[in-house]
Amino acid sequence: MGQKTHLEKDKEIHLNYEGSAEALDTLRHSSAHLMAHAVLDLFPGTQTGIGPAVEDGFFYDFLRDKPFVPEDLEAIEKKMRQIAQEDIPIQKVVFSKEEALRLFQEKGQELKVELIEEKGNKEVTCYKQGSFVDFCLGPHVPSTGHIKHFKLLSVSGAYWKGDEKGKQLQRIYGTSFFKKKDLDAYLTLMEEAKKRDHRKLGAELDLFSFNENLGAGLVLWHPKGATVRHVIENYWWEEHIKDGYGFLYTPHLAKLDVWRKSGHTEFYDAMYPPILSEGIEYEIRPMNCPFHVMVYNSRQRSYRDLPLRWAEMGTVYRYERSGVLHGLMRVRGFTQDDAHIFCRADQLEEEIKKVIFLALRLLKTFGFKDYDVFLSTRPEKHVGKLEDWDKATQALEKALKQTGLEFREDEGEGVFYGPKIDIKVKDALNRSWQCTTIQLDFNLAERFQLRYVGEDGKFHSPFLIHRALLGSLERFFGILIEHYKGNFPFWIAPVQVIIIPIADRHNDYASTLDKKFKENGLRSQIDLRREKVGYKIRDAEIQKIPVLLIVGDKEVTNGTASLRIHTIGDRGEIIIDEFLDKLKEMSKNKSLTVNL
RNA sequence: GCCAGUGUAGCUCAGAGGUAGAGCAACUGAUUCGUAAUCAGUAGGUCGAGGGUUCGACUCCCUCUGCUGGCUCCA
């Protein structure tokens, strides 16, 4: 379906099929119009901003004295259904710019007037449905009756043209589908996402918490969360050792002058105010780079020393505005799995390739197999030599191509100090999360005068690669929790095995098993409470412990245990030593599934 | 930071201008039990914090703080 057009110039006929993404966008765009139509009917005097289709639905921005409250959404939705039922034709109308301006002026739609003045050509395309007219390029569905399966979701604030200093508008979000089945599936997916929300699971599984008295965005890692973190860090270290990294520990604080020199005070706005001590200003670090650079500068370097790869789980603190904080995904204190690589021009491509492969190796092991990859190139405002930018951008591109990854080029979206590669992982619900970032840094190399002595005996500037693979441990943990819905793979699970004795008389036997598992490097736990098996099993299942071992008279006599696998169920008796080996194997292989 | 919503027991949630209630969890006792909740009893709250209005505030008003959904920004 599509909009029929009788324009002489526009001979092109849009034939959109329901299955296509374009068709869905059209439907949603029309849904946005329908919503604006309903809003203007219900709340005369409201001004309309923009109302596009977005990834999961649509929104429309409104300017109105009184804010919309949740109850208004119900009324608007009802009105929308009414207008949809009337099946009003949606027509394309072309005005001259003057006509269009007059029309919207008369309607008191000043925002639209502003838009037409900016974007309108000689001829201004509008779409009309009954009393509602909108400045819009279309296309749209033929009539309001085509819009059947939609739901308004939320109200929020939004700035006119995205400008924080501009007018504050009210945005209403909704979604719309061709088929009821699809709408229901979407709503179910939202419910599903809520169930695996890391904030909810974090509390339920006792992984981490926040505390109002401590401050927003500051994470308390509980023992179970800390165990997962430790597992992640251990594995991360092993892989970095394999790739020839050295490790650094550096302080969380430095004189403000360091940050002046690095340019952070000038260019970076997420810094906490400095701390004055004995007349000297200190700054809590928002980044690790200057410290690593100082290690580099602690002695003279030769071209033979390069590349130098130095990694640190570097904790940083950034003042994030209160409204942007979000569970573990966006915090004020976090630990980056950071590293800086100092290399020569001729090593650049190889080093970047190595980093990409290392990133993929790590992400795959954690179970992430789909990625969105971006290459961001030189923005207008930048530092560094053009020649270096070109060389580096080429190296990034060449390295990416060699990995066989599909990537998108974001032209001009690089940071002012260098081009970069970003890798976002897709989780179990196909949501995308920023993890890996690989950035060239011409700024620090220059400001801290990084040098090495070349083959020719002269000083040269090394390239500085700044990279984080998991991103931040906090965010990565959050992503892991949501990806697995708290059902961590065996090698990651904070408690891997729980031993459940049926009655008191089985406690001793159970304890020897627990001890044996612990001695073999497994994270085992024992439930000695005087409760019925059913109760203990339920508890263990809720805690999402992957392996449950139940021991009663039979098992004590046979020297065995009965296995129950989380979410799978009872698997019968197992022989301890054999089983122990299997578990150790599973841990060692970092298996993502339970193979027992 | 901005717009909107929200904060009642450890958790999930009722209630309401006259000093708070349920279920689960916790604790105590009984039960010694075979694959997702045994029974009974007890205890638990400065109703997010501070200020104001009122004879009286958990309830109304203001400020702060945390959280939620967005905007803007970002690992």
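What you are looking at is a predicted structure, and each value in this text was computed from that prediction instead of being measured. Note on naming: letters A, B, ... go to the chains in the order of the sequence lines (proteins, then strands), and numbering restarts at 1 for each one.
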Ignoring hydrogens and geometry beyond distance, is a side-chain donor-acceptor pair present between A:Q47 and A:K112 at under 3.5 Å?
no
When rounded to the nearest Å, what value does the distance between P atoms of B:U38 and B:G51 take?
47 Å
By salt bridge (charged side-chain N to carboxylate O under 4.0 Å, His left out) - contacts of A:E320 (at least two apart)
A:R330
So, using salt bridge (charged side-chain N to carboxylate O under 4.0 Å, His left out) as the criterion, who are the partners of A:D570 when residues are at least two apart?
none
How close do A:P251 and A:R285 get, heavy atom to heavy atom, and via which atoms?
O-NH1, 2.8 Å
Under 4.0 Å, heavy atom to any atom of RNA chain B: which of residues 192-200 of chain A qualify?
A:R199
Determine whether more than 12 heavy atoms belonging to other residues, nucleotides or ligands lie under 6.0 Å from atom CG of A:D163.
yes
Whether the side chain of A:N211 engages the backbone of A:N213 through a donor-acceptor N/O pair (distance < 3.5 Å, no angle test) should be reported.
yes
Can you sort out the partners of A:D441 under salt bridge (charged side-chain N to carboxylate O under 4.0 Å, His left out), two or more places apart, ordered by chain and number?
none
Sort and list the pairs that fulfil ring-ring contact (aromatic ring centres under 6.0 Å, His included) and have at least one residue in residues 53-76 of chain A, not counting sequence neighbours.
A:F43-A:F68, A:F59-A:Y173, A:Y60-A:F62, A:F62-A:F68
I need a per-nucleotide contact map over nucleotides 70-75 of chain B, read 5' to 3'. Cutoff is protein heavy atoms under 4.0 Å; write B for the base, S for backbone only, - otherwise.
BBBBBB
Quick one: A:I502 CD1 to B:C33 P, roughly how many Å, whole number?
9 Å
Please say which of A:F334, A:F210, A:F477 ends up in a ring-ring contact (aromatic ring centres under 6.0 Å, His included) with A:W221.
A:F477
Return the set of residues passing side-chain contact (heavy atoms from CB on, under 4.5 Å) with A:I542 (not counting sequence neighbours), or none when no residue passes.
A:R538
Suppose you measure atom C1' in B:C58 against the same atom in B:A49; what distance do you get, rounded to whole Å?
13 Å
Could you run through RNA chain B and flag its stems, i.e. three or more consecutive Watson-Crick or G-U pairs with both distances under 3.5 Å?
B:1-7 with B:65-71, B:10-13 with B:21-24, B:26-30 with B:38-42, B:48-52 with B:60-64
Whether A:R529 side chain and A:E531 backbone form a donor-acceptor pair below 3.5 Å
no
For A:I492 against A:V231, the heavy-atom pair lying closest together
CA-CG1, 4.2 Å
Taking the C1' atom of each, how far is B:G48 from B:G7, in whole Å?
6 Å
In this structure, how many angstroms lie between the P atom of B:G10 and the CG atom of A:L220, rounded?
17 Å
Using the C1' atom on both, measure B:G18 against B:A57 and round to a whole Å.
10 Å
Provide the distance between the two P atoms, one in B:A26 and one in B:G52, to the nearest whole Å.
42 Å
For RNA chain B, whose closest nucleotide is more 5', that of A:G215 or that of A:L548?
A:L548
May I ask you to list the residues of residues 551-575 of chain A, by number, that have any heavy atom positioned under 4.0 Å from an atom of RNA chain B?
A:G552, A:D553, A:K554, A:E555, A:S562, A:R564, A:D570
Base-contact (B) and sugar-phosphate-only (S) positions in nucleotides 38-51 of chain B, heavy-atom cut-off under 4.0 Å, - elsewhere
B-------------
Using the C1' atom on both, measure B:G23 against B:A9 and round to a whole Å.
12 Å
Pairwise C1' distance, B:C24 and B:G56 [rounded to whole Å]:
35 Å
Is a donor from one side chain sitting under 3.5 angstrom from an acceptor on the other, for A:D514 and A:T512?
no
How would you list, by chain and number, every residue that makes a side-chain hydrogen bond (donor to acceptor under 3.5 Å, both in side chains) with A:T315, sequence neighbours excluded?
A:T335
note: A:L325, atom CG; B:G1, atom C1'; distance rounded to Å ~ 11 Å
Whole Å only: how far is the CG atom of A:L153 from the P atom of B:G5?
18 Å
Could you work out the separation of B:U63 and B:A75 based on their C1' atoms and round it to a whole Å?
34 Å
Do we see a donor-acceptor contact under 3.5 Å between the side chains of A:E312 and A:N288?
no
side-chain hydrogen bond (donor to acceptor under 3.5 Å, both in side chains) involving A:E118 - partner list, sequence neighbours excluded:
A:K161
Distance-minimising heavy-atom pair for A:D206 and A:K224:
O-CB, 3.7 Å
